[in-house]
Participant: 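Below you'll find the structure I mean.
None of the values given here were measured: they were computed from a predicted structure. Every chain is numbered from 1, with letters handed out A, B, ... down the list of sequences.
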Amino acid sequence: MASTVVDEHVDHTLDDHTHDHHEHHENFITKYIFSTDHKTIAKQYLITGIFWALIGGFLSLIFRLQLGFPETQLEWLRPLLGKWITTAGKLDPEFYLALVTMHGTIMVFFVLTAGLSGTFSNFLIPLQIGARDMASGFMNMLSYWFFFASSVIMFFSLFIETGPASGGWVIYPPLSALPQAMSGSGLGMTLWLIAMALFIVSTLLGGINYITTIINLRTLGMSFLKLPLTIWSFFFTAIIGLLSFPVLLGAALLLIFDRSFGTSFYLSDIYIAGEALPHMGGSPILFQHLFWFLGHPEVYIVIMPAFGITSEIISTNSRKPIFGYKAMIISLLGITVLSFVVWAHHMFVSGMNPFLGSIFMLLTLIIAIPSAVKVFNYLTTLWKGNIIFTPAMLFSIGLVSFFISGG
Amino acid sequence: MIVCFILLFWYSIKEFDTYQIPIASEHGVITDRLFWITMAITGIVFIITQILLFYFSYKYQHSPRRSALYFPDNYKLEFIWTIVPAVVLTILVVYGLTVWNKVMAPAPEDAEVVEILGYQFAWKVRYPGKDETLGAYDFRKIDAVNDFGLDFTDKATFDDFSPRELHLPKGQPVEFRIRARDVLHSVFAPHFRLKMDAVPGMPTRFWFVPTKTTAEMREETGNPEFNYEIACTEVCGRGHFSMRLLVIVEEPEAYEQWKAEQEPWLSKNPEYLSSVPENLKELAMIKSQIEHTAIN
Ligand SMILES: [Cu+2]
Ligand SMILES: [Cu+2]
């Protein structure tokens, strides 16, 4: 893959030399819209990510208004929300669930996965490893445009008559599988699934690119053990994404089958809306397993890039090398591996076999060890440093404090 | 920020009782102990690391007269702080496992069995009646009246009864058999430290021993209106918030008496006698205490 990029580049320069007055290949469209340049794509991700952060934040504002002040009249929101305000001047309960669902989906996937990895991995990987660009600029461009298409569909679903998906961001069936169960499980859910399928394609294209670039396009002398921790964290993040997102795609496809083609992967023994459904033998628990096989690694997809960036900011602004560079890499690796075997801690009371519960409890607590090591290493990096408080540094110290509390 | 923290702590301490719901079950005592031990250990680590973080940030502020210490590695130190958390976590894991196995162990033989059925948007409860066996059901037999889908070819259904509220005896093991009719629901009874999902197509169970009657709890909380309740903790649709089931814990004698007064489901809905096979009709009428006159 690397060699083709170089070849193209050579062709390109030859081309420029042979035609003297040949104008540069780039016009507005190839430069700013369908660009294959990693920095432009990073900015595209950044802008789209910020857009989604505003939307997601706005949705949470509305439902927190209802949550924080349950007695308050929300009639004044009617011009904006229309029929989703009940006659009593409250948020419609299904719309409330829709807001929570879309807020979760948007923040977790569109802001913290695409916005974060898409922006920083694209921008920083080539710069920090000394590569000219990503391994495949074209795939990188496709990655963004799949994300864009997914964004358009997800955004569109906010405005449809029956409302967007409302079964929670975890979209557990049967609720999400049966349009009879709630109105958001109709068209809104279909659009959600299509948007997420496109989103996963985008993540995979991006992830393959990040991994390939880091392995193959490091500049001369940039050995693996000289890579900045930022790059290490992007590397592991991309691996996690590459291995776990396809499972969500599988789960989503089976759900689409159950919804539209009468299969019974997740459905069994259901009586709803005055009717016993013909589905037999499926298990809603299966979906939960598949979902959390992505869902848990997803939290590391979200935090690991921030870890990497923080490591370097703290080290730079303390005027010290990061303490325990190798230990940091090993803990990132440890988190990566363990993140795949702790998923069922989200399902302790789902009705699964309690024996599974004990195994997952064990594995889940083990993952605290690499996290603890990271915190201690951050602290030691600060120790006897010569600390300059740039805004980035303040945020990084904040992250460590936050991670101790919540991680 | 400091003011915020002080306010936060002050509020947490002041409102501590609202966070800390009194325990009303035997296993609740053990799980809460596990919770507080974990809380103490992580709390100590939390405080130490937070203090170090901000102390270092404060103490080692930039000064042109000093240069930073070059200190990239120290294997001994790193080894220690990998092993120490590992040991502490091992202890927590072992302790957690014993608690988990105790709570999740199969119910004792003599446990009172109650079925809880979740549907959009309420709970239904069913007791086995005098034969102490819950009758069979089939979701295809559910209709507007027969919420449980009771299968009347099984004679154990004849004396099952379905009250509006859930009654439990104090000090005796109770096993919930939990199922759902349409989508996922989750049985959540915070006072009993109890939560278990209700899954369509896959009955689940949870057993525990209630330790305080409703009356005792009213005294303890100082709230004469206090009632135990079960809520739904799995998003299940537009009425999710309203899925509430009243639970009444009473002394075993009062409980037995209440049970004896309950009328079987079949006697409340005698038209379903027609679904009982001919050879069992006589038995059905005896078990459900339907009088001949009622159907003639
Ligand atoms: Cu998790
Ligand atoms: Cu429910």
Participant: Without swapping roles, check the side chain of A/Asp269 against the backbone of B/Arg181 for a donor-acceptor pair under 3.5 Å.
Facilitator: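 Such a contact is absent between A/Asp269 side chain and B/Arg181 backbone.
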Participant: Of all the heavy-atom pairs spanning B/Pro200 and A/Ile270, show the shortest one and how long it is.
Facilitator: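 For B/Pro200 and A/Ile270, the tightest heavy-atom pair comes out as CB-CG1, 4.0 Å.
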Participant: Might you point out which heavy atoms bring A/Phe323 and B/Phe71 nearest each other, and give the distance in Å?
Facilitator: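 Looking at all heavy atoms of both residues, the closest pair is CD1-O, 3.2 Å.
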Participant: Heavy-atom pairs under 4.5 Å with chain A - which of B/Gly239, B/Ala198, B/Ala68, B/Ala180 has more of them than the others?
Facilitator: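 Greatest number of close heavy-atom pairs with chain A: B/Ala68.
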Participant: Between B/Tyr119 and chain A, which part of the residue has a heavy atom less than 4.5 Å away: side chain, backbone, both or neither?
Facilitator: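 Neither part.
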Participant: Under the 3.5 angstrom rule, does the side chain of A/Asn386 hit a backbone N or O of B/Ser63 as a donor-acceptor pair?
Facilitator: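 Pair found, side chain donor or acceptor close to backbone of B/Ser63.
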Participant: What part of B/Tyr55 lies closer than 4.5 angstrom to a heavy atom of chain A: side chain, backbone, both or neither?
Facilitator: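 Answer is neither: B/Tyr55 stays 4.5 Å or more from chain A.
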Participant: Could you state the interatomic distance from OG1 (A/Thr390) to NE2 (B/His62), rounded to the nearest 0.5 Å?
Facilitator: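 The OG1 atom of A/Thr390 sits 12.0 Å away from the NE2 atom of B/His62.
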Participant: For A/Ile397 and B/Leu53, which heavy atoms make the closest approach, and how far apart are they?
Facilitator: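 For A/Ile397 and B/Leu53, the tightest heavy-atom pair comes out as O-CD2, 3.7 Å.
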Participant: Of the backbone (N, CA, C, O) and the side chain (C-beta and beyond), which part of B/Tyr75 lies under 4.5 Å from a heavy atom of chain A, both, or neither?
Facilitator: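 Side chain of B/Tyr75 only, per the 4.5 Å heavy-atom cut-off to chain A.
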Participant: Taking the ring of A/Tyr378 and the ring of B/Trp81, is the distance between their centroids below 6.0 Å?
Facilitator: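 They do not qualify: ring centres at least 6.0 Å apart.
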Participant: Out of A/Gln180, A/Glu275, A/Met361, A/Met393, return the one with the most heavy atom pairs under 4.5 angstrom to chain B.
Facilitator: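 Highest number of heavy-atom pairs under 4.5 Å: A/Met361.
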Participant: What is the distance from atom OG of B/Ser57 to atom CD1 of A/Ile387, rounded to the nearest 0.5 Å?
Facilitator: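 Here the interatomic distance stands at 5.0 Å.
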Participant: Walk me through it: do A/Tyr96 and B/Phe241 pass the test side-chain contact (heavy atoms from CB on, under 4.5 Å)?
Facilitator: CA-CA 11 Å; A/Tyr96 180 90; B/Phe241 66 93; over 6 Å; no
Participant: Stepwise, does the side-chain contact (heavy atoms from CB on, under 4.5 Å) test hold for B/Val199 with A/Gln288?
Facilitator: CA-CA 12 Å; B/Val199 186; A/Gln288 299 179 18; 5.8 Å; no
Participant: Which answer fits B/Glu78, side chain, backbone, both or neither, if we ask what part of it has an atom under 4.5 Å from a heavy atom of chain A?
Facilitator: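 Side chain only.
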Participant: Can a donor-acceptor pair be found between the side chains of A/Ser405 and B/Gln50 at a distance below 3.5 Å?
Facilitator: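 Looking only at side-chain atoms, B/Gln50 and A/Ser405 do form a donor-acceptor pair, the distance falling under 3.5 Å.
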Participant: Tell me, side chain or backbone of B/Ala86 under 4.5 Å from chain A's heavy atoms, or both, or neither?
Facilitator: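 Both the backbone and the side chain of B/Ala86 come within 4.5 Å of chain A.
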Participant: With chain A as the partner, which of B/Lys59, B/Lys141, B/Glu234, B/Arg205 has the greatest number of non-hydrogen pairs under 4.5 Å?
Facilitator: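 Answer, by heavy-atom pair count under 4.5 Å with chain A: B/Glu234.
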Participant: Quick one: what part of B/Asn74 sits under 4.5 Å from any heavy atom of chain A, side chain, backbone, both or neither?
Facilitator: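 Both parts, backbone and side chain.
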Participant: Please walk me through it: do B/Val235 and A/Tyr172 pass side-chain contact (heavy atoms from CB on, under 4.5 Å)?
Facilitator: CA-CA 9 Å; B/Val235 168; A/Tyr172 282 175; over 6 Å; no
Participant: Please assess A/Arg319 against B/Arg66 for the test side-chain contact (heavy atoms from CB on, under 4.5 Å), listing each intermediate value before the final yes or no.
Facilitator: CA-CA 11 Å; A/Arg319 296 293 184 265; B/Arg66 211 161 41 80; over 6 Å; no
Participant: Report which part of B/Met202 has an atom under 4.5 Å of a heavy atom belonging to chain A: side chain, backbone, both, or neither.
Facilitator: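 Looking at B/Met202, just its side chain touches chain A.
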Participant: Can you name the nearest heavy-atom pair linking B/Phe46 to A/Ile404, along with the distance?
Facilitator: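 Answer, listing the atom of B/Phe46 first, then A/Ile404: CD1-CG2, 3.9 Å.
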Participant: If every non-hydrogen atom of A/Tyr271 is compared with every non-hydrogen atom of B/Phe139, which pair is closest and at what distance?
Facilitator: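 Between these two residues, the closest heavy atoms are CD1-O, 4.2 Å.
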Participant: Side chain from CB out, backbone as N, CA, C, O: work out which of these in A/Asn317 comes under 4.5 Å of a heavy atom of chain B, or both, or neither.
Facilitator: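 Interface part for A/Asn317: neither.
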Participant: Tell me the closest heavy-atom pair linking A/Leu365 and B/Leu89, and the distance in Å.
Facilitator: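 Closest pair (atom of A/Leu365, atom of B/Leu89, distance): O-CD1, 3.2 Å.
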Participant: Looking at OG of A/Ser318 and CG of B/Leu69, how far apart are the two atoms once the value is rounded to the nearest 0.5 Å?
Facilitator: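 Reported to 0.5 Å precision, the distance equals 11.5 Å.
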Participant: For chain B, which candidate among A/Ala372, A/Gly168, A/Ser350 shows the most heavy-atom pairs at distances under 4.5 Å?
Facilitator: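 Greatest number of close heavy-atom pairs with chain B: A/Ser350.
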